[in-house]
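Report on the structure given below.
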Amino acid sequence: MMRAVTGAATDVGRVRLGNEDSYLCTDRLFFVADGMGGHSAGEVASAIAVSTLSTTLADLGSVATDAERVADAVRTANSAIFDEAAKDSRKAGMGTTLTGLALTDPTGHRAVVANVGDSRTYLWRHGELRQVTKDHSHVQSLVDRGAITRAEARVHFQRNIVLRAMGIDTSVDVDTFDIDLEDDDRFIICSDGLVDEADDDEIEGQIRQATGPQDLADRLVALANANGGRDNTTVVVVDFSAASTADSGHTPTVATERPVETARPSKWLAVAAYGSWLVSAAIIITVVVSALTSG
Ligand code: CA
C-alpha cells in the first residue's frame, strides 16, 4: 500500500492583487490549477477545475482505475468551466491550467499524472529531478524546434502564451502519464509562478534542504517571492512511501485562495492544435484582442 504525506502552499506573490491559483490535496488527488481571465474569472475557473476533479474522482482508491478515467474527469472539469463561462458574460473566455497526480491504485503502486497547460508536475527520484509533464506553451514549442534553450525559455518575452487550457472549448486534449510508484518518490506540482522565478537547480537546492513536504512547499513559495514574486505561486508536494497500513492520517482538503481585488488577465491565452503554428498565431491574436476588449 502506497502512503502519501503531503504539503501545500499558495501565495499571491509580490505584484499581483489577487490569487487565481487553486489546488487540491487529498489522500488520492494532488493537483494545481492556474486560472486566467479578467473580472476575477481566473480564480473561478481554477476553483471549478479542482472541485470538479474532487467530485468526479471521489471514490478513487476504492477500486483500481486507469489513465482514461482520470482524463475523463479532466474533460468533465473542462466542460464545467466552459458551461459556466457560457452562462455569464463576465466569465467569458476564462480558463485554467491543470496538472497533478491521481493515486489510481495504492495497492498496485500506480498513479497517473495529467496535464493541460503550462503548470508542471515534477518527480524527484533517486536524487534526480525530472519534469514529468510537458508544457503546452509557445516557448516549449520553440525549445522543441531547437530555436531557443530551456534557460532562454524561462525569460522569453512570450513565455506566457499557453497553447492549451481548460474551459476554452467544448473539448480538451489531456496528456496523461502512467507512473509506477517507488518508495521515497516525491512529486512537486506547481504553477508557473515558481518556474518563472526559479530554475531547476534552485528548486533542487530547496529539495535537498527541506525537512518534509510542507517545509518544501513553503520553501519553494518563499523562493519564488524572494526572486521577484511576479505571479501567484502554488506548490503541492507529495511524498510516497510503501507502508504496511492504509492509514495516512491525512485530512482531505480542497483549498482555493480568494483574491482581495479583481486581477487583470494574467496570460495571453491561446488554444490551438499542438504544432499547428499558423492556426496558433491567428487564434492567439483573436484571443488577445478579445481579452483586451473584454478586460
Ligand atoms: Ca500563473
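Every number for a ligand or one of its atoms is a count from 1 in the order of the listing.
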Worksheet item: Is the closest side-chain donor-acceptor distance between Gln131 and Arg150 under 3.5 Å?
Response: yes

Fill in: Atom of Asp192 closest to the Ca ion (ligand 1), considering N, O or S atoms
OD1

Discussion item. Below 3.0 Å, can you find an N, O or S atom of Asp34 next to the Ca ion (ligand 1)?
Written reply: yes

Discussion item. One pair to check against salt bridge (Lys or Arg N to Asp or Glu O under 4.0 Å): Arg230 and Asp196. What are the steps and the verdict?
Written reply: CA-CA 9 Å; Arg230 285 164 286 189; Asp196 283 353; over 6 Å; no

Worksheet item: Which is the closest N/O/S atom of Asp231 when seen from the Ca ion (ligand 1)?
Response: OD2

Discussion item. With a 3.5 Å distance limit and no angle check, can you tell me whether His136 reaches the backbone of Gly117 through a side-chain donor-acceptor pair?
Written reply: yes

Worksheet entry | Donor-acceptor pair, side chain of Thr133 and main chain of Thr121, under 3.5 angstrom | yes

